[in-house]
K.L.:
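One structure is given below, represented as C-alpha cells, and several questions about it will come after.
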There are 2 protein chains.
Amino acid sequence: MIARDAYVDDVIEILRRRGLRMTPQRRAIVAEIMRTQGHISPTALTRKVQEAMPGVNASTVYRTLALLEEAGILAHAHLESGAEYHRVEEAGHVHLSCSRCGAEDDLSLEEAAALSQLIEQHRGFLPDLTHFAISGLCADCRRHVEA
Amino acid sequence: MIARDAYVDDVIEILRRRGLRMTPQRRAIVAEIMRTQGHISPTALTRKVQEAMPGVNASTVYRTLALLEEAGILAHAHLESGAEYHRVEEAGHVHLSCSRCGAEDDLSLEEAAALSQLIEQHRGFLPDLTHFAISGLCADCRRHVEA
DNA sequence: GTATATGCAAAGGTTTTGCACAGCC
DNA sequence: GGCTGTGCAAAACCTTTGCATATAC
C-alpha cells in the first residue's frame, strides 16, 4: 500500500513536470490504474473510478489515458475484447488468449525474448509482442477439438 | 480470371450444399472478396460491393461475412485499424505492422512455423498467429528512432 | 408456397469532439 | 487571472438486431 501510494506520487510528479495540472479526477484515475494488476479497459476503468468519485466523465478517462500513454506511463494492447491499458513496466506480458474457452496466460520474459529474436531475423523488424495478444487454443481445448 | 470465377463458383457450391440460397447480393459479395488479395475490412468491402451493385446494405455484408466465416471460407484478423477478413487459404500470412510508419509485411510460412513451434512449448498452447497482427518497428523506423 | 435473405431503421456500444464553465497554479 | 481540464451533449464510428417485404428454391 505504501509502495503503491509512493508510486502514484511518482506519476503525479512526472505529470507535474510536464506542466500538467493535478485535478482530483486525474488523481483518482491514476490511483485506480496504478492499483490495477495487468490490464484494464477504458470502460471498466471508468466504472471503477466512478465508484470512488461519482460524476467523473468517461471522456475525462479517455483523455487521461491518452495523456498517460503520451507520457510513457501506460501502453495499450489489443485483446479479443478490445483495447486494454497497462503500466509500461508490466509490459513483457505477452498475452496468450484461448479462442475457445477464453483462458488467458502469459509468456515468460525468456520465451518472449526468444520469439522476438526469431522475428528480428525477418528484415530487422523489431516486434512489440505486448501490443497484440496471441490467439490460439490452450492445451485443454486442443484435446477437445482433436477428439 | 478464369481461375477466380471458378473459385467463386466453388464457394457458391459450398454454400448451396449448406442449404443456403444464392442471392445476387451474396454472389456480388463473394465475388468481391475472392477478388481481394490479402485482407479487407467490412466497411471497405461494403463500399466496393456497392460500386458493383448499388443498394446492397451494410448489414447484408456483415451477415454474409459471418456466414462465410462459419462455413470455413473466411477468417478475420485484428490489425491496428480493426477487423479485417481474408480467405482461409491466405492465412499463413502473419502480419507485421510498423507502428511508426504503418508499413506492412508478412512472415513466410517457415518463419511462422518456427514461431508456432516455440510458442507450443509453452504449456502446449497452439497459436493462431494470423489472428492478431504483430506490431513493432520496421528496420527503417528502428534506425530513425535509435538515431 | 414457404422458408430464408434483404433493406431499412433503430439501437447499442465505444470513442471523439465542441463548447461553456469550473478550478488549478 | 489566465489557461487548462472537466462535464455535458452531441456526433462519429462500427456493428447488431427487429421487422416487414421480397425472393430463391
Side-chain angles (χ1 to χ4, degrees), chain A residues 9 11-33 39-71 73-85, chain B residues 8-9 11-33 39-50 52-71 73-85:
Chain A
D9 287 345
V11 172
I12 287 174
E13 192 47 41
I14 293 170
L15 297 180
R16 220 185 271 284
R17 241 174 260 154
R18 289 198 156 218
L20 299 171
R21 299 178 179 175
M22 284 314 305
T23 64
Q25 291 91 334
R26 272 188 192 164
R27 273 174 212 283
I29 295 168
V30 168
E32 192 54 55
I33 204 156
H39 41 83
I40 188 167
S41 70
T43 308
L45 178 61
T46 301
R47 234 173 302 146
K48 283 198 158 199
V49 169
Q50 286 173 340
E51 281 171 27
M53 182 180 288
V56 176
N57 198 269
S59 64
T60 301
V61 174
Y62 280 103
R63 288 189 271 230
T64 303
L65 284 172
L67 214 69
L68 293 170
E69 191 161 23
E70 277 172 47
I73 296 162
L74 299 182
H76 73 273
H78 297 282
L79 311 189
E80 196 65 51
S81 53
E84 301 259 327
Y85 284 78
Chain B
V8 170
D9 287 344
V11 171
I12 288 174
E13 193 46 40
I14 293 170
L15 297 179
R16 222 186 268 285
R17 242 175 259 153
R18 290 198 155 218
L20 299 171
R21 298 179 180 173
M22 285 314 305
T23 63
Q25 290 90 335
R26 272 188 193 162
R27 274 175 211 283
I29 295 167
V30 168
E32 192 55 55
I33 204 157
H39 42 83
I40 187 167
S41 70
T43 308
L45 178 61
T46 302
R47 232 172 304 143
K48 281 198 158 199
V49 169
Q50 286 173 340
M53 183 179 289
V56 176
N57 198 270
S59 63
T60 300
V61 174
Y62 279 103
R63 288 188 273 231
T64 303
L65 284 172
L67 215 70
L68 293 170
E69 190 161 24
E70 277 171 47
I73 295 162
L74 297 183
H76 73 273
H78 297 283
L79 311 189
E80 196 66 51
S81 54
E84 300 260 327
Y85 284 78

K.L.:
Going 5' to 3' along DNA chain D, which nucleotides are the first and last within contact of chain A (any atom under 4.0 Å from a heavy atom)?
P.N.:
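Counting from the 5' end, contacts occupy dG2(D) to dC8(D).
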K.L.:
Choose from dG7(C), dG23(C), dA3(C) the nucleotide whose nearest atom is closest to any side-chain atom of R21(B).
P.N.:
dA3(C)
K.L.:
Could you tell me which non-hydrogen atom of P42(A) sits nearest to which non-hydrogen atom of A83(A), and how far apart they are?
P.N.:
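Taking P42(A) first and A83(A) second, the nearest heavy atoms are CD-O, 3.6 Å.
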K.L.:
Mind listing the closest non-hydrogen atom pair of R26(B) and R21(B) along with its distance?
P.N.:
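Result for this residue pair: NH1-O, 2.9 Å.
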K.L.:
For the pair made of CG in L68(B) and C1' in dA5(C), what is the distance, rounded to whole Å?
P.N.:
14 Å
K.L.:
Base, sugar-phosphate, or nothing: which does G82(A) touch, judged by heavy atoms less than 4.0 Å apart?
P.N.:
nothing
K.L.:
Rounded to whole Å, how long is the line connecting atom CD of E70(B) with atom P of dA5(C)?
P.N.:
11 Å
K.L.:
Rounded to the nearest Å, what distance is computed from the CG atom of residue N57(B) to the P atom of nucleotide dA10(C)?
P.N.:
13 Å
K.L.:
Across the strands shown, which category fits R26(B) at heavy-atom distances under 4.0 angstrom: base, sugar-phosphate, nothing?
P.N.:
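R26(B): backbone/sugar contact only, no base atoms under 4.0 Å.
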K.L.:
Do you know the tightest heavy-atom contact between V30(A) and L15(A)?
P.N.:
CG2-CD1, 4.4 Å
K.L.:
Whole-Å distance between dT6(C) C1' and M53(B) CE?
P.N.:
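Answer to the nearest Å: 12 Å.
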K.L.:
For Y62(B) and for R16(B), locate the closest nucleotide of DNA chain D by heavy-atom distance; then report the residue assigned to the nucleotide nearer the 5' terminus.
P.N.:
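Closer to the 5' end of DNA chain D: Y62(B).
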K.L.:
Need one value for G55(B): base, sugar-phosphate or nothing, where a base atom within 4.0 Å counts as base even if backbone is also close, heavy atoms only.
P.N.:
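It contacts sugar-phosphate atoms only.
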K.L.:
With side chain to side chain contact (heavy atoms under 4.5 Å, CB included) as the test, pick out the partner of H76(B) among E69(B), E84(B), H39(B).
P.N.:
E69(B)
K.L.:
Take E32(B) and I40(B), measure what side-chain contact (heavy atoms from CB on, under 4.5 Å) needs, and give me the verdict at the end.
P.N.:
CA-CA 10 Å; E32(B) 192 55 55; I40(B) 187 167; 5.5 Å; no
K.L.:
What verdict does the side-chain contact (heavy atoms from CB on, under 4.5 Å) test give for L65(B) and L45(B), after you've listed the backbone C-alpha separation in whole Å, the side-chain angles of each residue and the deciding distance to 0.1 Å?
P.N.:
CA-CA 10 Å; L65(B) 284 172; L45(B) 178 61; 3.8 Å; yes
K.L.:
Distance check: side-chain N/O of Q25(A) vs OP1/OP2 of dG23(C), anything under 4.0 Å?
P.N.:
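So the side chain of Q25(A) is outside the cut-off, no N or O lying under 4.0 Å from OP1 or OP2 of dG23(C).
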K.L.:
Would you say the side chains of R47(B) and T43(B) form a donor-acceptor pair under 3.5 Å?
P.N.:
no
K.L.:
If each of L20(B) and S59(B) is mapped to the nucleotide of DNA chain C with the nearest heavy atom, which maps nearer the 5' terminus, i.e. the 5' end?
P.N.:
L20(B)
K.L.:
Could you check how far CD1 of I40(A) sits from P of dT14(C), rounded to whole Å?
P.N.:
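Going from I40(A) (CD1) to dT14(C) (P), I get 13 Å.
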K.L.:
In whole angstrom, what separates L65(A)'s CG from dT14(C)'s P?
P.N.:
14 Å
